[in-house]
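See structure below.
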Amino acid sequence: MSEQRRPLVTHIYTADPSAHVFDGKIYIYPSHDIEHTGKDSMEGDEYAMEDYHVLSMDSPEADCVDNGEALHMRDVKWVSKQMWAPDLAYSDGAYHLIFPARDKEGIFRIGAAHSDSPVGPFKADDDYIQGTCSIDPCVFVDDDGKVYVYYGGLWGGQLEKWRTGKFDPEGKEPADDEPALTPFCARLNSGCTELVTKPINVRILDENGNDIIKSDEDRRYFEGPWVHKYNGKYYLSYSTGTTHYLVYAISDSPMGPFTYGGRIMEPVLGWTTHHSIVEYEGKWYIFYHDSELSGGKNHLRNVKYTELHYDPDGSIVTIDPYK
Ligand code: FUB
């Protein structure tokens, strides 16, 4: 594979790439960033996305193709605005696009849309998946066919507003010395229409078996979970938000607890970091974004990829995105 590290497409802005391989082809499910004339805010108003396009590549060396609009918010009954970072699962013979957006009350929820084709078009369910909240769903289908969804993001993503189990508009992050918030995890049914277990917050532990605390901003969870399996271990990777790293933690179980393993990528140009990890013909790749194409505008990003390497002990070799 050529070391691309340049925008995969340049005719639209794309971010938050979730990459998957189906029938020898790479499919990328990104957010579709658009211009926004309002003010930036802590709630992420500038991330005003309205639809999804599916990108694909016949192989890592091939050009990246935009397969056009796969789902627009006008066709999703429960959505009011902001269709953020999606993922896709193949399960039960169909392709399921799992995506977050604000509902009619302005609360982020996670919905599903389905297709016979990996590039859509996708038909959305009438309502969001009951029991879900927040943003950044990652759907992991284990070798036994069980489907897991991980989700949650701080600040704009509202994760801190769900600490009591109900939406609290005044909800805050924990104190500095308390365990940091972590993503929710639940099992989905094979048709990806409903949760079949109660969501739990996965635990992310340090080297001494203690929960990573809120003030440990180099390692604590912020948003953008991704789960992949390597040599029988489950890797949960995520963004640290305020410190702009992509990091990972490892477990023997898909629901954790996960133990912090290290840093995957140093900060990119732009505030957000969001990625996915996928295997293609025995090599591993990380898809991620930065804001190169827009000259550094945080909300106008572009998807890139590069190869990912493991050390013999299973640790991931840290990537400097600009070297
Ligand atoms: O794209 C909107 C938000 O920015 C995503 O949900 C986060 O992960 C961050 O990339």
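In listed order, ligands and their atoms are each counted from 1. Positions are given from 1 along the sequence. When reading the values below, keep in mind they use all heavy atoms of this one structure, side chains included, and skip hydrogens, waters and symmetry mates.
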Distance filter under 4.0 Å to I135 heavy atoms, resulting ligand 1 atoms
6 (O)
Please answer whether the main-chain N or O of S190 pairs with a side-chain N or O of S91 as donor and acceptor at a distance below 3.5 Å.
yes
Got an N/O contact under 3.5 Å between D136 and ligand 1?
yes
Do the ring planes of W284 and H228 sit parallel (below 30°), tilted (30 to 60°) or perpendicular (above 60°)?
tilted
Under a plain distance cut-off of 3.5 Å, with no hydrogens placed, do H53 and T14 share a side-chain donor-acceptor pair?
no
Please find out if less than 6.0 Å separates the ring center of Y238 from that of W226.
no
Looking only at protein heavy atoms, identify the closest one to atom 3 (C) of ligand 1 and say how far it is in Å.
W84 CE3, 3.9 Å
In terms of ring plane angle, is the pair F99 and W78 parallel, tilted or perpendicular, where the classes change at 30° and 60°?
parallel
For M49, counting its heavy atoms only, list the atoms of ligand 1 lying under 4.0 Å from any of them.
1 (O), 2 (C)
Quick one: does H289 get a heavy atom under 4.0 Å from ligand 1?
yes
For F222 and W155, take the angle between the two ring planes, folded into 0 to 90°, and tell me which bin it lands in: parallel under 30, tilted 30 to 60, perpendicular over 60.
perpendicular
Of H32, E223, M83, Q82, which has the heavy atom at the shortest distance from atom 9 (C) of ligand 1?
E223
Which label fits W84 and F108: parallel for a plane angle under 30°, tilted from 30 to 60°, or perpendicular past 60°?
tilted
At a 4.0 Å threshold, what atoms of ligand 1 neighbour a non-hydrogen atom of R301?
1 (O), 2 (C), 4 (O), 9 (C), 10 (O)
Numbered in order shown, the ligand 1 atoms found under 4.0 Å of a heavy atom of H274 are 7 (C), 8 (O), 10 (O)
Can you pull out the closest protein heavy atom to atom 1 (O) of ligand 1? Residue, atom name and distance to 0.1 Å, please.
D16 OD2, 2.5 Å
